[in-house]
*Asks:* 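Let me begin by handing over the structure; questions about it come next.
What you see below is based on every heavy atom in this structure, not just the backbone, and it leaves out hydrogens, waters and symmetry mates. These figures come from a predicted structure and were not determined experimentally.
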Amino acid sequence: MTVPNQGLCLHSGQGRSYYFGQDFYTFKAIGEETGQAYALCEVIVAPQGGSPLHRHHREDEAFYVQEGEIEFQLDGVTMIASPGTFLHSPKGQTHCFTNKTSTNARMLIWVTPAGFEKFMAEVCKAVNGEVSPAAPLSPEDLEKVLTTAPKYGIEIIPPPAE
C-alpha cells in the first residue's frame with residue numbers, strides 16, 4: 001500500500017511474491033516505488049534452496065539473516081550466517097547462498113539500485129503470497145534463468161566441470 005507523500009507501508013504477507021525454485025521471494029519495495037534507488041525483498045530459503053554462484057554487474061546486493069542459518073560464498077570465501085548477520089556484496093563480486101539445514105531460513109535482500117526485481121518477475125513463478133511447498137527449478141526454468149540473466153546484468157557462473 002502507498003501512503004501519503006510517496007511513502008510506502010506493507011504489512012506482513014503483503015508484496016509481490018514469487019517462487020524461484022523452492023525459495024519464496026516477497027518484494028516489499030521495488031524500483032517504481034523508490035525512484036529506482038533500491039528494491040527490498042524478504043526471502044524464505046527452503047532447505048537445500050538458495051542461489052547459484054553469480055555476480056551482478058549493475059547493482060550491489062546486501063543480505064540480513066532473520067531466521068535460520070544460510071551458507072554464503074563471497075568471492076570464494078565461505079561463511080555461515082545466523083540470525084542478525086549482515087553481508088554486503090558489491091557489484092562485480094561473485095556470490096551465492098545455500099540453506100544446508102533441514103528447516104526454512106528467512107532473510108532480507110536489498111539491491112541498489114533497483115532492477116533485480118524485474119529479472120525475478122520475468123523468470124519466477126508469481127504467487128498470491130501464500131507459502132506452500134514448491135518444486136525445484138526444472139531444466140526449462142534453469143534455461144530461462146540462464147538466457148534472461150544477461151539482459152539484467154547478471155552473470156550466472158556455472159559449476160566447475162567434474
Side-chain angles (χ1 to χ4, degrees), residues 12-30 39-111 115-162:
S12 179
Q14 292 181 319
R16 293 163 181 83
S17 297
Y18 306 92
Y19 272 105
F20 182 79
Q22 295 175 292
D23 299 338
F24 188 73
Y25 285 71
T26 301
F27 281 88
K28 297 297 190 174
I30 61 171
L40 173 70
C41 64
E42 179 181 52
V43 184
I44 298 172
V45 186
Q48 308 314 307
S51 71
L53 185 63
H54 65 285
R55 72 170 50 100
H56 298 263
H57 293 286
R58 298 180 186 163
E59 59 268 321
D60 296 336
E61 191 169 24
F63 308 88
Y64 181 77
V65 178
Q66 297 174 295
E67 296 175 11
E69 287 187 352
I70 302 173
E71 181 180 287
F72 281 86
Q73 288 185 22
L74 303 174
D75 273 345
V77 176
T78 301
M79 60 203 75
I80 303 297
S82 56
T85 302
F86 175 81
L87 299 102
H88 177 259
S89 178
K91 67 181 167 188
Q93 181 180 62
T94 60
H95 62 282
C96 65
F97 60 88
T98 308
N99 177 356
K100 294 195 172 182
T101 73
S102 60
T103 60
N104 286 341
R106 183 185 305 262
M107 69 178 163
L108 295 174
I109 299 177
W110 288 269
V111 288
F116 174 70
E117 73 277 13
K118 293 177 183 176
F119 167 72
M120 295 297 281
E122 189 167 334
V123 301
C124 295
K125 296 177 176 87
V127 292
N128 293 344
E130 289 192 29
V131 181
S132 60
L137 288 175
S138 69
E140 295 81 16
D141 294 334
L142 186 55
E143 183 60 31
K144 185 175 184 180
V145 168
L146 292 172
T147 58
T148 306
K151 173 179 170 183
Y152 294 95
I154 300 169
E155 178 185 356
I156 308 293
I157 302 180
E162 294 183 22

*Asks:* Just verifying a value: how many Å separate H56 NE2 and I154 CD1, rounded to the nearest 0.5 Å?
*Replies:*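 The NE2 atom of H56 sits 5.0 Å away from the CD1 atom of I154.
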*Asks:* Contact between E61 and I109 at the side-chain level, heavy atoms closer than 4.5 Å - yes or no?
*Replies:*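 Counting from C-beta outward, E61 and I109 do come under 4.5 Å.
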*Asks:* Counting only N and O atoms by type, is there a donor-acceptor contact under 3.5 Å from the side chain of K144 to the main-chain atoms of E122?
*Replies:*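 Yes; at least one donor-acceptor contact below 3.5 Å.
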*Asks:* Between atom CZ of F63 and atom CG of L108, what is the distance when rounded to the nearest 0.5 Å?
*Replies:*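 So the CZ of F63 and the CG of L108 are separated by 11.5 Å.
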*Asks:* With a 4.5 Å limit on heavy-atom distance, are the side chains of C41 and F27 in contact?
*Replies:*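 In contact.
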*Asks:* Report the C-alpha distance between M79 and V77 in whole Å, list the side-chain angles of each, state the deciding distance to 0.1 Å, and finish with yes or no for side-chain contact (heavy atoms from CB on, under 4.5 Å).
*Replies:* CA-CA 7 Å; M79 60 203 75; V77 176; 3.8 Å; yes
*Asks:* Quick check: do F20 and V145 have side-chain heavy atoms less than 4.5 Å from each other?
*Replies:*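 Yes, side chains in contact.
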*Asks:* For a 4.5 angstrom cut-off between non-hydrogen side-chain atoms, does V127 reach F24?
*Replies:*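 Yes; the side chains approach each other to less than 4.5 Å.
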*Asks:* Should P47 and N104 count as side-chain neighbours, where that means a heavy-atom distance under 4.5 Å?
*Replies:*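 In contact.
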*Asks:* Would you indicate whether the side-chain heavy atoms of Q73 and H95 approach each other to under 4.5 Å?
*Replies:*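 They are not in side-chain contact.
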*Asks:* Where the side chain of T26 meets the backbone of S17, is there a donor-acceptor pair that is under 3.5 Å apart?
*Replies:*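 Checking the backbone N and O of S17 against the side chain of T26, no donor-acceptor pair under 3.5 Å is found.
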*Asks:* Should we count NZ of K28 as having more than 12 external heavy atoms under 6.0 Å?
*Replies:*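 Atom NZ in K28 is packed in, count exceeds 12.
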*Asks:* If you compare all heavy atoms of G50 against all heavy atoms of V45, which two are closest, and at what distance to 0.1 Å?
*Replies:*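 Scanning both residues completely, I find the closest heavy atoms to be N-CG1, 3.8 Å.
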*Asks:* Between the main-chain N or O of I70 and the side-chain N or O of N99, is there a donor-acceptor pair closer than 3.5 Å?
*Replies:*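 Not a single qualifying donor-acceptor pair exists.
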*Asks:* Over all heavy atoms of both residues, which pair between G68 and P83 is shortest? Give the atoms and the distance, please.
*Replies:*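 Here G68 and P83 meet closest at O-CD, 3.1 Å.
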*Asks:* Does the side chain of M107 reach to within under 4.5 Å of the side chain of F72, using non-hydrogen atoms?
*Replies:*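 Yes, side chains in contact.
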*Asks:* Nearest 0.5 Å please: distance from the OG1 atom of T148 over to the CD atom of E143.
*Replies:*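 T148 atom OG1 to E143 atom CD measures 9.0 Å (nearest 0.5 Å).
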*Asks:* What's the shortest heavy-atom distance between Y152 and E59, and which atoms?
*Replies:*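 Between these two residues, the closest heavy atoms are O-OE2, 4.3 Å.
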*Asks:* Please confirm whether the backbone N or O of G92 pairs with a side-chain atom of R55, one donor and one acceptor, at under 3.5 Å?
*Replies:*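 Indeed, once roles are kept as given, a pair shorter than 3.5 Å links the two residues.
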*Asks:* Any idea which heavy atoms bring P52 and H54 closest together, and the distance?
*Replies:*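 Closest approach of P52 to H54: O-ND1, 2.7 Å.
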*Asks:* Could you state the interatomic distance from OG1 (T98) to CG (D23), rounded to the nearest 0.5 Å?
*Replies:*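 Reported to 0.5 Å precision, the distance equals 9.5 Å.
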*Asks:* So which heavy atom on Y18 is nearest to which on A121, and how close?
*Replies:*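 Looks like OH-CB, 3.5 Å.
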*Asks:* With the threshold set at 4.0 Å, does a side-chain nitrogen-carboxylate oxygen contact exist between E117 and R16?
*Replies:*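 Salt bridge between E117 and R16, a charged N being under 4.0 Å from a carboxylate O: no.
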*Asks:* Quick one: pull up CG in D141 and CG in L146 and give me the separation to the nearest 0.5 Å.
*Replies:*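 Those atoms lie 11.0 Å apart.
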*Asks:* To the nearest 0.5 Å, what is the distance between OG1 on T94 and CG on L74?
*Replies:*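 Rounded to the nearest 0.5 Å, the OG1-CG separation comes to 8.0 Å.
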*Asks:* Would one find more than 12 heavy atoms of other residues, nucleotides or ligands at under 6.0 Å from atom CZ of F119?
*Replies:*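 Atom CZ in F119 is packed in, count exceeds 12.
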